[in-house]
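This report refers to the structure that appears directly beneath it.
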Protein chains: 2
Amino acid sequence: MSFPIRQLEAFRAVALKGSITRAAEEMAISQPAVSRLLSALSSSVEFELFQRVSGRLVPTREAEFLLREVERVLDNLGRIGQLTHDLSTRKAGHLRIACLPGFATSHLPKVLADFLSGRPNVTAVLEPDRPERILEWIIGEQYDCGITDEFAGHPTAESTTILMRTVCILPPGHPLAAKAEIWPADLARERIIHTRRDSGFYQRLSEAFALRNLRLGSHVETRQFTAACMLVAAGAGVSVVSEMDAREYEHRGLVIRPFRPDVPHRLSLLRPANARASLLALEFLDTFEKSLEPFRFR
Amino acid sequence: MSFPIRQLEAFRAVALKGSITRAAEEMAISQPAVSRLLSALSSSVEFELFQRVSGRLVPTREAEFLLREVERVLDNLGRIGQLTHDLSTRKAGHLRIACLPGFATSHLPKVLADFLSGRPNVTAVLEPDRPERILEWIIGEQYDCGITDEFAGHPTAESTTILMRTVCILPPGHPLAAKAEIWPADLARERIIHTRRDSGFYQRLSEAFALRNLRLGSHVETRQFTAACMLVAAGAGVSVVSEMDAREYEHRGLVIRPFRPDVPHRLSLLRPANARASLLALEFLDTFEKSLEPFRFR
DNA sequence: GAAAAAACATAACACTGAGTTATGAAATTG
DNA sequence: CAATTTCATAACTCAGTGTTATGTTTTTTC
């Protein structure tokens, strides 16, 4: 058996104002309305709520105790109104993002931080993980959105694939820096740093070499473009990576040149296929996609 | 703008049961009632609440987020019902007790602990203080009840005065232990430990001596009976104290003998005079008074 | 202490929210 | 595809909460 909210509101208003008339003003309703609400509450409670002392209504000790609980309830209830509004305008909620480890340390955190800064009631989890796990957890709805690359497609995961420009990166002072653009032939004798041989990007890159009867050499193999950037910056060799990552490391002296022919990197934004995807996730993915614009291949 | 509680209850029930029909059973109302409550909530909220998936209603991510808040509100609201019941049966509340320092370490804490043990939702503060402060803070309603002695009465504090039996206490092996009862004449040569000279009890005790042309000697003066008990037990002298306190120290070897003539100790239970006194305070004072029964002077 | 003013309670009535049953439409299941 | 289940809608009732009008009690004022 619970109490009508209206009675609790009247109780709070009267306790606050010390008078039924003023409580009525506070609640913007008539005095008899409050009078009756309070007497209804009063008669369903086994103790006195107020005591008259020189024309003021003073809560009894029991009422004082009750008041604290009542205020908690009413405050929380009031906050629900705000919350629903925040939820519908994507200003509140929780976002679970999965990404490849390489993304967790470069572009993505900046975009996420910016996204959150205007949404104080949004919390987020950013989880770096292996591609297979990302897909798996997106399907199982453990994550609201996932960022991976070279995604093959899956029936229960919605995906948007974005082609990202790639560039050739050279260590500071490398002779090839003299060229305006780099072709496979230029790299035939270089120490190549590249992504895993089973990655889609590696395969398409080596295909570009094969078409010209060249072989893509191998000096260091690494999963992440970011690692490749570090290695090149340290003079370990040359590489072809996403321009987005390259720009992050440009300040370390990396030389960036266009690579021809274009072998774009295929980035995929995932979310659970069913409609349960949160508005927030959609908005974030949208924001993220826009942030990729400068590095996008057309 | 806040939401009708009923809609929130329907929302919770549907989220819990995954079906409107079963939610209606849960709420013990008809299915159309729940259907309408939910659609009303749905249309006052700007996002989808549920998604149909193979005949089950599954909350969207936003609804999931909202649900947590809604449950908080409803749980708190439900608790208010229990709370009002507890308050009226004195099973919940807060008790602020002031007492003389001597009481804070002997009988009172035991009674209070016992009182609280059957009332898990009652909290209490036990504050030892000087008599003047006790009165002052009772009047100012900082305390719900006060326990003091030799109280003179005051218009804005209700008081009940209880006469407590007093006894003569002797150190272990004291020659007077041979007597069945002790009279002033027996104490004429003893080292007397007594309460402050301006205390009502001291004055009435010395009067008993004066009536017999004897003088009440003085070896140590202390505010508290409990201190007197300790001193006597340690062999510092003899004293006349409340039997209640004496019994607390009997295990230390104190010898207890009746003292004649009877000079009862006047204990007073105070509470604020206006009707704001809490039911809990009344009940506690009642309990406390009953606990004094064995030591009461008749 | 009587008159004036303020605060509150009660009565009579209207409207809305929330309950009901009856029933049809849509989706799931066998 | 038929049967069953689930849900939505309609029509109606009732209680809760609002209103105004008015009387009663309490406080204040002179």
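Quick note on labels: first sequence line is chain A, next is B, and so on, each numbered from 1.
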Tell me whether the side-chain N/O atoms of A/Arg52 come closer than 4.0 Å to OP1 or OP2 in D/dT27. no

Presence of A/Ser30 side-chain N/O under 4.0 Å of D/dG18 phosphate oxygens OP1/OP2: no

Given DNA chain D, 5'-ward residue of the pair B/Arg22 and B/Ser39, judged by closest heavy atom: B/Arg22

Whole-Å gap separating C1' (C/dA9) and CG (A/Leu37): 14 Å

Can you tell me the distance, in whole Å, between the CG atom of A/Leu41 and the P atom of C/dA9? 13 Å

Under 3.5 Å, is there any donor-acceptor pair linking the side chain of A/Gln31 to the base of C/dA9? yes

Under 4.0 Å, heavy atoms only, any strand: does A/Ile5 hit a base, just the sugar-phosphate, or nothing? nothing

According to the interplanar angle, ranging from 0 to 90°, do the rings of B/Phe288 and B/Phe103 count as parallel (below 30°), tilted (30 to 60°) or perpendicular (above 60°)? perpendicular

Is the shortest side-chain N/O distance from B/Ser19 to OP1 or OP2 of D/dC7 below 4.0 Å? yes

Between CZ of B/Arg56 and P of D/dT6 the distance, given in whole Å, is 11 Å

Basic-acidic side-chain contact under 4.0 Å: B/Glu141, B/Arg96: no

Is it the case that the base of D/dG18 and the side chain of A/Arg36 share a donor-acceptor contact (distance under 3.5 Å, atom types as modelled)? yes

d(CD1, B/Ile29; P, C/dG17) in whole Å: 16 Å

Under 4.0 angstrom between A/Ser35 side-chain N/O and C/dC8 OP1 or OP2: no

Separation of C/dC8 atom P from A/Phe50 atom CZ, nearest Å, is 11 Å

Would you please indicate yes or no on a ring centroid separation below 6.0 angstrom for A/Phe11 and A/Phe50? yes

Check ion pair B/Arg72-B/Glu69 (N to O, under 4.0 angstrom): yes

Write down the distance between CD1 (A/Ile20) and P (D/dT24), rounded to a whole number of angstrom. 18 Å

Among D/dC7, D/dG18, D/dT6, the one nearest A/Ala33 by side-chain distance: D/dG18

How long is the line joining CD of B/Gln51 and P of C/dA27, in whole Å? 14 Å

Specify the separation, in whole Å, of atom CG of B/Leu57 and atom P of D/dT5. 17 Å

Side chain of A/Pro32 (C-beta onward), nearest among C/dG19, D/dC7, D/dA21: D/dA21

Which of the following nucleotides, C/dG19, D/dT17, C/dC8, is nearest to the side chain of B/Arg6? C/dG19

Check this for me: does any side-chain nitrogen of one of A/Arg61 and B/Asp144 sit under 4.0 Å from a carboxylate oxygen of the other? yes

